[in-house]
There are 2 protein chains.
Amino acid sequence: MDVEAAFKLLEGRWKLVILFHLFGGQVRRFSDLERLIPGITQKMLAQQLRRLEEDGIVTRTVYHQVPPKVDYRLTDWGQALCPAMDAILKCAERREDFPSAASSARA
Amino acid sequence: MDVEAAFKLLEGRWKLVILFHLFGGQVRRFSDLERLIPGITQKMLAQQLRRLEEDGIVTRTVYHQVPPKVDYRLTDWGQALCPAMDAILKCAERREDFPSAASSARA
DNA sequence: CAGCATCCGAGAAGATACTG
DNA sequence: CAGTATCTTCTCGGATGCTG
């Protein structure tokens with residue numbers, strides 16, 4: 001897998017945020033994620049989850065009940081992304097250590 | 001800085017790829033990057049570089065010469081992103097360790 | 001509850017041509 | 001060399017309504 005392909009997996013406005021809420025083996029229902037990610041629409045949530053599923057990053061489990069229940073969790077491969085996410089978050093926190101950078105936020 | 005804001009800095013098709021070619025203190029000219037990133041247009045390269053500059057991630061240095069020369073390098077804050085990038089690449093390489101994932105690549 | 005279908009607008013990205 | 005300008009195309013994301 002080349003650099004571009006790797007980055008492509010994480011592209012889009014919501015993917016990383018969704019993954020963030022699935023880390024550490026957390027299992028989330030559709031409605032959980034909807035609540036945890038303010039501003040996301042059902043459409044985008046469903047769409048991105050499908051894409052993550054196709055990319056082998058999350059597992060989708062359907063329980064045939066009434067009312068329906070579906071939950072999502074990371075695959076083993078998805079879990080492997082954790083260190084990467086951690087690193088991104090860590091260095092985001094450190095931004096304040098660089099005054100020149102902190103002052104130049106875009107609108 | 002919250003999670004979303006952090007991820008927003010890395011959004012877009014080209015940003016991560018550009019950063020990738022500036023890691024380890026590498027200094028690149030516009031034409032270098034153009035060559036290193038097949039498929040990118042001058043427009044997108046210039047646009048993304050400007051954005052990275054505004055976000056305080058890269059530094060743009062103009063040499064008033066003929067022919068003109070401009071080079072780009074990471075700021076201190078930009079360097080701080082390295083571990084995150086590394087982690088992403090590392091775990092991309094490890095994808096083959098997870099057969100179920102490797103078999104489900106999207107078109 | 002967990003979605004899919006449809007329509008819409010905005011912004012991203014691409015092609016091409018031109019300039020200091 | 002290192003861009004800008006313009007135009008077109010495409011994809012993303014949002015709004016709304018419907019279904020098993």
Side-chain angles (χ1 to χ4, degrees), chain A residues 3-5 7-22 26-55 57-73 105-107, chain B residues 2-22 26-55 57-73 105-107:
Chain A
V3 194
E4 279 217 53
F7 294 147
K8 225 157 192 171
L9 294 178
L10 303 177
E11 238 182 27
R13 176 166 173 191
W14 300 110
K15 285 229 194 95
L16 289 166
V17 188
I18 294 172
L19 291 181
F20 178 72
H21 290 290
L22 292 174
Q26 296 169 105
V27 178
R28 304 288 197 186
R29 298 187 55 172
F30 189 88
S31 50
D32 291 334
L33 292 169
E34 212 175 339
R35 179 174 37 77
L36 288 166
I37 309 176
I40 198 169
T41 58
Q42 287 189 324
K43 173 188 168 182
M44 291 317 298
L45 183 53
Q47 189 179 95
Q48 297 305 311
L49 283 169
R50 293 313 172 104
R51 210 164 281 188
L52 289 168
E53 191 189 1
E54 287 167 22
D55 285 335
I57 294 174
V58 309
T59 304
R60 179 168 178 267
T61 312
V62 183
Y63 302 86
H64 291 283
Q65 309 174 347
V66 179
K69 174 180 168 182
V70 180
D71 64 33
Y72 299 88
R73 71 196 71 196
R106 263 185 314 123
Chain B
D2 65 354
V3 194
E4 280 218 50
F7 294 146
K8 223 156 192 175
L9 293 178
L10 304 177
E11 238 180 26
R13 177 167 174 191
W14 301 110
K15 287 230 193 94
L16 287 167
V17 188
I18 294 172
L19 291 180
F20 177 73
H21 291 290
L22 291 174
Q26 294 168 109
V27 179
R28 304 287 197 187
R29 300 185 55 170
F30 189 89
S31 51
D32 290 335
L33 292 169
E34 211 175 338
R35 178 175 38 78
L36 289 166
I37 309 176
I40 198 169
T41 58
Q42 286 189 322
K43 174 189 165 180
M44 291 315 297
L45 182 53
Q47 191 178 95
Q48 298 303 312
L49 283 169
R50 293 315 170 103
R51 212 165 277 191
L52 289 168
E53 191 189 0
E54 287 167 22
D55 285 335
I57 293 174
V58 309
T59 304
R60 180 169 177 267
T61 312
V62 183
Y63 302 86
H64 292 284
Q65 309 173 347
V66 179
K69 174 181 170 182
V70 180
D71 66 33
Y72 298 87
R73 70 198 70 197
R106 264 186 312 124

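Chain A is the first sequence line, chain B the second, and so forth, proteins listed ahead of strands; every chain is numbered from 1. Computed from a prediction, not measured in an experiment: that's the story for all the values here.
Checking C/dA15, D/dG13, C/dA13 against every side-chain atom of A/Gln48, the shortest atom distance belongs to D/dG13.
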Return the polar atom pairs (N/O with N/O) between nucleotides 1-3 of chain D and the protein under 3.5 Å, or none.
{"residue": "D/dC1", "atom": "O3'", "partner": "B/Arg29", "partner atom": "NH2", "Å": "2.8"}
{"residue": "D/dC1", "atom": "O3'", "partner": "B/Pro68", "partner atom": "O", "Å": "3.3"}
{"residue": "D/dA2", "atom": "OP1", "partner": "B/Arg29", "partner atom": "NE", "Å": "2.8"}
{"residue": "D/dA2", "atom": "OP1", "partner": "B/Arg29", "partner atom": "NH2", "Å": "2.8"}
{"residue": "D/dA2", "atom": "OP1", "partner": "B/Val70", "partner atom": "N", "Å": "3.4"}
{"residue": "D/dA2", "atom": "OP2", "partner": "B/Ser31", "partner atom": "N", "Å": "2.9"}
{"residue": "D/dA2", "atom": "OP2", "partner": "B/Ser31", "partner atom": "OG", "Å": "2.6"}
{"residue": "D/dG3", "atom": "OP1", "partner": "B/Arg50", "partner atom": "NH2", "Å": "3.2"}
{"residue": "D/dG3", "atom": "OP1", "partner": "B/Arg60", "partner atom": "NE", "Å": "3.4"}
{"residue": "D/dG3", "atom": "OP1", "partner": "B/Arg60", "partner atom": "NH2", "Å": "2.6"}
{"residue": "D/dG3", "atom": "OP2", "partner": "B/Tyr72", "partner atom": "OH", "Å": "2.5"}
{"residue": "D/dG3", "atom": "N7", "partner": "B/Gln42", "partner atom": "OE1", "Å": "2.8"}
{"residue": "D/dG3", "atom": "N7", "partner": "B/Gln42", "partner atom": "NE2", "Å": "3.3"}
{"residue": "D/dG3", "atom": "O6", "partner": "B/Gln42", "partner atom": "OE1", "Å": "2.9"}

Could you write out each protein N or O paired with an N or O of nucleotides 5-8 of chain C at a distance under 3.5 Å?
none

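Heavy-atom minimum distance, B/Lys15 versus B/Lys8: NZ-O, 4.0 Å. Residues A/Tyr72 and A/Val58 share a closest heavy-atom pair of CD2-CG2, 4.5 Å.
When rounded to the nearest whole Å, the span between CG of B/Leu45 and P of C/dG14 equals 12 Å. Straight-line distance from the CH2 atom of B/Trp14 to the P atom of C/dG11: 22 Å, rounded to whole Å. For B/Met44 and D/dA5, the CE to P distance is 16 Å, given to the nearest whole Å. Taking atom OH of A/Tyr63 as the reference point, atom C1' of C/dG3 lies 17 Å away to the nearest angstrom. For the pair B/Glu11 CD and D/dG13 P, the interatomic distance rounds to 7 Å; values are reported in whole Å. In this structure, the NZ atom of B/Lys8 is 12 Å from the C1' atom of C/dG11, given to the nearest Å. Atom pair B/Arg51:CZ and C/dA13:C1' shows a separation of 11 Å (rounding to whole Å applied).
A distance of 7.5 Å separates CG of B/Leu33 from NE2 of B/His21, quoted to the nearest 0.5 Å. In this structure, CZ in A/Arg28 is found 12.5 Å from CD1 in A/Ile18, a value given to the nearest 0.5 Å. One finds the CZ atom of B/Phe20 at 8.5 Å from the CD atom of B/Gln26 (value rounded to the nearest 0.5 Å). Residue B/Glu11 holds its CD atom at 9.0 Å from CG of A/Leu16, rounded to the nearest 0.5 Å. If you take CH2 on A/Trp14 and CD1 on A/Ile37, they are separated by 7.5 Å, rounding to the nearest 0.5 Å.
Every residue two or more places apart in sequence or in another chain was checked for a side-chain hydrogen bond (donor to acceptor under 3.5 Å, both in side chains) with A/Gln47, and none qualifies.
Distances shorter than 4.0 Å separate none of the side-chain N or O atoms of A/Arg13 from OP1 or OP2 on D/dT11.
Between B/Asp32 and B/Arg35, at least one side-chain N (NZ, or NE/NH1/NH2) sits under 4.0 Å from a carboxylate O, which counts as a salt bridge.
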